[in-house]
There are 2 protein chains.
Amino acid sequence: MEMKVATAVACRDCALYQTAKVLGLETPDCSSLNRVVLRDHPVEKNEVLYREGDSFRYLYLVHSGSCISSATILGRKSQVMGFHLPGELAGIENIGQQKCNHTTRVLEKGSVCQLDFLMLEETLGKDELIRVQSYLLGASAIHARQLQWERSLTGLQTAEQRVAAFLLNLAGRFESHGFPAQKFRLPMSRDAIADYLGLAMETVIRTLKNLHKKELISTQAKNIEILNPTALNALLRS
Amino acid sequence: MEMKVATAVACRDCALYQTAKVLGLETPDCSSLNRVVLRDHPVEKNEVLYREGDSFRYLYLVHSGSCISSATILGRKSQVMGFHLPGELAGIENIGQQKCNHTTRVLEKGSVCQLDFLMLEETLGKDELIRVQSYLLGASAIHARQLQWERSLTGLQTAEQRVAAFLLNLAGRFESHGFPAQKFRLPMSRDAIADYLGLAMETVIRTLKNLHKKELISTQAKNIEILNPTALNALLRS
DNA sequence: ATGCAAATCTGATCCAGATCAACAGTTGCC
DNA sequence: GGCAACTGTTGATCTGGATCAGATTTGCAT
């Protein structure tokens, strides 16, 4: 059977729109807003939003679809650094840097809003600059929290714990953007999950199967249902 | 034989002093500076700088000695999140948060400078606010880079790679603060390294021994000498 | 110096997960 | 519609590192 869930954030819930409002760009005629924000730009699967080494210019808000970031680091050809779900920003990791340090590409086709930083800075008074900086500090803090969460995956010994933590993190993020937390579709391949968690793909597959068998979750291809979040959480504590 | 190395940054090299200068607090009589910065405050081993849940107020610059940060996260009682060497800031991870999300304690006795954020904000004009925010964005970016580096440890398969990466990271940080990169003293226990890297203490010990046997490094208790940085780096690429 | 507690090291065992290999299912493309 | 390429799944094997149990060293306090 097919699971149907909402797949896009409403414009009023879009973080970039909120941002633009906060930044004082929401003039009645939307002229300032439209100079800086490109709304609802469609993107195709595998399209690259920005590449490692590009000079940093845009912040992206995933409106529908999803994205994956990867980076060349510590001598590995490429390591999956994170995923961007509908309602989330991509590119925050570049704040305060000259160049992009991730490559971010589209995982599932959809649309993004794009905020142009160069354009933004051109037309900035002192008060606006203060607001922008405040906002960026907040965004950086949110990003740092997710990074710290990911960093703490290192401390989880078993594959089961890592996969459980991953599913709960996704669930929480979906929920905080207005999607159901119990039932969702994984935007990424098993391979990408494995890379993200530092496991082999086979281990991810077997672990998901095992959690299914234990009736903590239900999996059918990319469709996930979390049946027992409490027990899932308890796994992390053992 | 005893290895002697410098163990404290000079005041003029202290990041907080630089910071204060950048922020325009370096009046001839140091009155503004002294209101906001507590210079060279001695700290004892195991002293807590700030605790998880405390409201965020101070940024610390490790002048001499060293610190360790840990946090309760993902259901673990405590996970080592990072180390703060002489010349480095502690507390940046709290920027943009109300409450501290790490507990940071002194690993080796020494002294710290302390920057009071509350006091700072009280006496801030627009221009100063802009400078402070700029500085904080830069500091956050540096912190995020280290976090990303740590996050990518997840992708390293073997204990040897993780330990090698750890030693090279420490070496680079020592060097960038004016200390020798090849020869230094580990401020932390094997246990803390293990926790930080997500390994068992015994594995860390054996791996260090093994790297010694291969003559890539030389270890004598907490004294480390990196004999072949190139080969050490090459380990990460295999 | 001396002694004691904490930190470090060594050895032995065992198992979770990596790796290899073969195959099935899916998607998209001519 | 059918082939190619990717993605997912299962089974079998093997090894690196966790775990447990001790021995030894280090460094601090007196």
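First the proteins, then the strands, lettered A, B, ... as listed; each starts at 1. Side-chain atoms are counted along with the backbone in the values below, which use heavy atoms only and exclude waters and symmetry mates.
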- Atom CG of L186(B) and atom P of dC9(C): how far apart are they, to the nearest Å? 10 Å
- Spacing between R190(A) atom CZ and dG25(C) atom P, to the nearest angstrom: 16 Å
- With distance as the sole criterion, is a donor-acceptor pair present between the side chains of Q79(A) and S152(B) under 3.5 Å? no
- Note on the structure: As a check of understanding: the bend across the helix from dA1(C)-dT30(D) to dC30(C)-dG1(D), end axes from five pairs, rounded to 10 degrees, works out to 50°
- Message: Can you tell me how far apart OG1 (T158(A)) and CG (L235(A)) are? Round to the nearest 0.5 Å.
- Response: 7.5 Å
- Query: Where is the tightest heavy-atom contact between A164(B) and L236(B), given as atom of each residue plus distance?
  - Reply: CB-CD2, 4.2 Å
- Item | d(CD1, I205(A); P, dT26(C)) in whole Å | 14 Å
- Message: Between E52(B) and K99(B) (salt bridge meaning N to carboxylate O under 4.0 Å), is one present in this structure?
- Response: no
- Query: Do we see a donor-acceptor contact under 3.5 Å between the side chains of Y58(B) and Q114(B)?
  - Reply: no
- Task: Give the B/S/- string for nucleotides 16-28 of chain D, one per nucleotide from 5' to 3', where a protein heavy atom under 4.0 Å of the base yields B, of only the sugar-phosphate yields S, and otherwise -.
- Result: -SSBB--------
- Message: For dG8(D) and K209(A) - does any side-chain N or O of the residue sit under 4.0 Å from the phosphate oxygens OP1/OP2?
- Response: no
- Task: Report the C-alpha distance between Y50(B) and S69(B) in whole Å, list the side-chain angles of each, state the deciding distance to 0.1 Å, and finish with yes or no for side-chain contact (heavy atoms from CB on, under 4.5 Å).
- Result: CA-CA 9 Å; Y50(B) 52 92; S69(B) 290; 4.2 Å; yes
- Message: I'd like to know if the side chain of R173(A) pairs up with that of N169(A) as donor and acceptor (distance under 3.5 Å, no hydrogens or angles considered).
- Response: yes
- Tell me the ring pair (Phe, Tyr, Trp, His ring centres under 6.0 Å) pairs involving residues 195-227 of chain B, sequence neighbours left out? F83(B)-Y196(B), F166(B)-Y196(B)
